[in-house]
Each structure stands twice: as structure tokens, then as C-alpha cells.
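Here is the structure we will look at.
As the structure lists them, so they are numbered: ligands from 1, and atoms in each ligand from 1.
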Amino acid sequence: MIDIKKLNQDSENEIKSVKTADELFVVEKKYLARGDGEVVKLLRQLKDLPVEEKRKIGPEIQELKKYIEDLVNRRRSELADEAQKESEKYFDRSLPGKPVGRGTAHPISQFMDRAEDIFTRLGFETVDEREVDNEFYNFDALNTPKDHPARDIQDTYYVMNPESWSLKHQSNDTRYKIQDTRLLLRTHTSTAQIRAMKDRKPPVRIISPGRVFRHEATDASHETTFNQLEGFVVDKNIRVSDLIGTIKEFFARMYYDKDIKLRVRPHFFPFVEPGMEIDISCIFCNQKGCSVCKHSGWLESAGSGMIHPEVLNNMGVDPKIYSGFAFGFGIDRMVMVYYGIDDIRLLYSGDLRFIKQF
Ligand SMILES: [Zn+2]
């Protein structure tokens, strides 16, 4: 015997008397579960009934199902409203809100932005150059001899492309000159000296900041990826004094210190003649000696020099008419000194606890 009325009444009573969402879920399952709910059980009994009964009771069961579903839904929203009201009783509107996390620029980006801003004010144009370049722009055009150790795979990351891969595997074939075609991750931003001059004529003042890559074992002061800022000027009558004056002005603005002193030491770089390393007076101890300057009173700051005539030629500039200077800053080391960071690997760790300090 199928007693729809009883089921109708029972379900209504049970649903109306539940006090929580969990209880409601149990009741809902009892009546409406697909496998063994009371409604499904009724539907199963249908098949034993005569056809006429089926026609009459079938729709009634469907109606019952719909009725229970509506009751459940109504009770669910009632319970939700009650829960909301209950929680509002205890809601303290005077409590401070949850803090929203804010991002900041990475210390290297902050430093780069400031450096770029200073050079812009000094009349320099900023140029972005590619990180993957070829051996010509990275070495040959910058007057680096074919047998220079920096070209070795111990120092430079070469990029596998189908061409160089096949060349590597046919290295006995004399038709190919591997040296001319290899792609690499640039080892310095000096590639900009040649690249940027392809569509420019002097006078130019250019900086080119960016990432560079070297095949190195990493430790507290060496990373395989780091940042440089390249700068160069080409014009008539450019002299060493222009180079020194520019570097001095840059650091005076960077460190808000009018009295920064410079020390120039001769150094060899293939792409400059003469080449020099420039040190600035220690901004932390005023040359009295401290741990940052290792008690020397000086901080290494830039590799630089007058652009080699051969490189000027490669820029498409006549070295008999024009001259120029170039310099490169190691940004990471400057950032480390500036903020007192003692391990370069922290800069690339992606550790928010570290980055949030800046
Ligand atoms: Zn010092």
C-alpha cells in the first residue's frame, strides 16, 4: 500500500523541526537520496501496480518529490538567515579590518629605476636590448679576441638552436665556422653599444640596464644571473674628464653626497682604450674604514674607459672624427652595498620575507 499522504506529513514535520543545516542535510537525504530515499522507494513499488494505478499515483509521487524539495530549500534559506542574524549579534564593528597584502618593487628594480631617473636627467636615453644575442655582438664587435677565455663554455651559456646543434655534431666539417653563428645569453650589457648604434648617429648618450648571464658556481657573491647598467657617450671631443665627471655626478645624486671622491685605476677591457676601474669614496664611513669597504675607504663601482677605435668602427662611427666613453655598473653589488645585504643569492630567492623589507 502506498501512503503518499503519510510521507507528505512526516517529511513536512521533520523538515520544519530541524535546527541546523547539518540536520537538514540528514533529512533531505532520507527522503530524496537517489539510491535509497523514501521517494525512490515509492517509485520502485510503482512497477508492481496495475497500469491504471500507475497513471494515477506516478504523478502524485512526482508532486510529492517537488513538494519535499521546496520545503528543504525554504528551510535551508531560513536557517541561513537565522545564522546570519545570530552572528551579527556578536559582530563588533569597531574591530580593525584584516590587512590587505601590498606588493613592492624588488630592491634591484627600485635601484635601477632610480639610476635610470638620474641618467635621464643627465640627458641619457634608455635602451632595452635582447638577452639572447650572438657571439658577434657579445664578443667580436667589442674587440674580444677569438681565443679570449670569456668565450669558453666554462664562462658563457650558449643557446642550443637546431643550427648550432648540428654544427656541434659536425665540428670536423670545415665548411662551417661555429664561432660566427653561436647564440648565447649575453654576458654583459655592452652588446647595447653596437646594437643601439645600428640606427643612431652621434651625438648619443645611452644607458642600457638589464640582466646578464655567466656560467659560474654560485656563492654569496656570485650568481649565474645578475644585473648590469651599461652607459656610453659618443660625440666630438669626448675625453676621460667627461667620463669621470659623469660617474661622479651620478654617484653624488645616487647617494645624496656632494663630496664623493673618485679613484681611477688602470684596467684592461678589450673594448676600451685606455680602460679603467673607478672606485668611489666609501659612503658609509667617509673613508675612515668600515666592513663594507673592507677598511680601504673605497668602493669599487664601475668598469669603464674610452671606447676603442675598433669598436667605434663597428658602431659605424668614424674614430677620426668622434670619440666616446663607456662604463658598466654591477647593479647587484651596488644594491647589496646600498642596503647592507651580504648574500647575492637572497636577491634572487623570491623569498617574500626578504623582499618585503624594502
Ligand atoms: Zn667604509
Side-chain angles (χ1 to χ4, degrees), residues 104-122 124 188-190 207 209-212 214 216-231 240-269 272 274-305 325-349 351 353-358:
T104 56
H106 191 279
I108 288 179
S109 304
Q110 290 182 26
F111 197 88
M112 285 280 218
D113 288 350
R114 229 176 113 218
E116 199 180 317
D117 185 51
I118 291 169
F119 277 113
T120 302
R121 284 156 199 268
L122 293 175
F124 282 73
H188 48 193
T189 44
S190 305
I207 56 162
R211 288 197 299 173
V212 301
R214 295 206 190 148
E216 300 213 47
T218 60
D219 61 32
S221 49
H222 294 90
E223 253 292 358
T224 54
T225 300
F226 48 101
N227 287 271
Q228 284 187 343
L229 188 144
E230 183 79 12
V240 173
S241 54
D242 296 313
L243 164 63
I244 292 174
T246 303
I247 303 278
K248 190 168 178 175
E249 185 60 25
F250 169 76
F251 281 106
R253 294 189 186 200
M254 194 65 171
Y255 296 125
Y256 309 108
D257 185 352
K258 289 260 175 295
D259 295 325
I260 276 184
K261 292 187 211 54
L262 254 54
R263 180 173 76 171
V264 176
R265 292 175 289 128
H267 191 94
F268 175 75
F269 302 104
V272 284
M276 55 195 87
E277 292 259 27
I278 297 182
D279 302 335
I280 62 167
S281 52
C282 181
I283 50 167
F284 297 97
C285 63
N286 227 348
Q287 297 200 288
K288 290 187 185 77
C290 68
S291 62
V292 180
C293 60
K294 299 197 179 88
H295 300 281
S296 70
W298 296 98
L299 299 170
E300 281 180 37
S301 66
S304 64
F325 67 76
F327 57 86
F329 296 140
I331 293 293
D332 304 74
R333 239 186 47 81
M334 285 167 68
V335 170
M336 288 167 74
V337 166
Y338 190 72
Y339 290 113
I341 299 163
D342 57 6
D343 192 328
I344 190 172
R345 290 167 296 191
L346 285 169
L347 288 172
Y348 299 95
S349 65
D351 188 335
R353 291 170 303 178
F354 168 75
I355 291 170
K356 279 186 169 168
Q357 297 174 50
F358 303 95

Task: Atoms of protein origin (N, O or S) under 2.8 Å from the Zn ion (ligand 1) - done: C282 SG, C285 SG, C290 SG, C293 SG

Task: Summary of salt bridge (Lys or Arg N to Asp or Glu O under 4.0 Å) pairs that have at least one residue in residues 276-288, sequence neighbours excluded - done: R263-D279, R265-D279

Task: side-chain contact (heavy atoms from CB on, under 4.5 Å) involving I283 - partner list, sequence neighbours excluded - done: Y255, I260, L299

Task: Ring center gap for F119 and F327 short of 6.0 angstrom - done: yes

Open item on the list: For F354, give me all partners under ring-ring contact (aromatic ring centres under 6.0 Å, His included), at least two apart in sequence or on another chain.
Closed with: F358

Task: Centroid-centroid under 6.0 Å between Y339 and F111 rings - done: no

- [ ] Quick one: pull up SG in C282 and NZ in K294 and give me the separation to the nearest 0.5 Å.
- [x] 11.0 Å

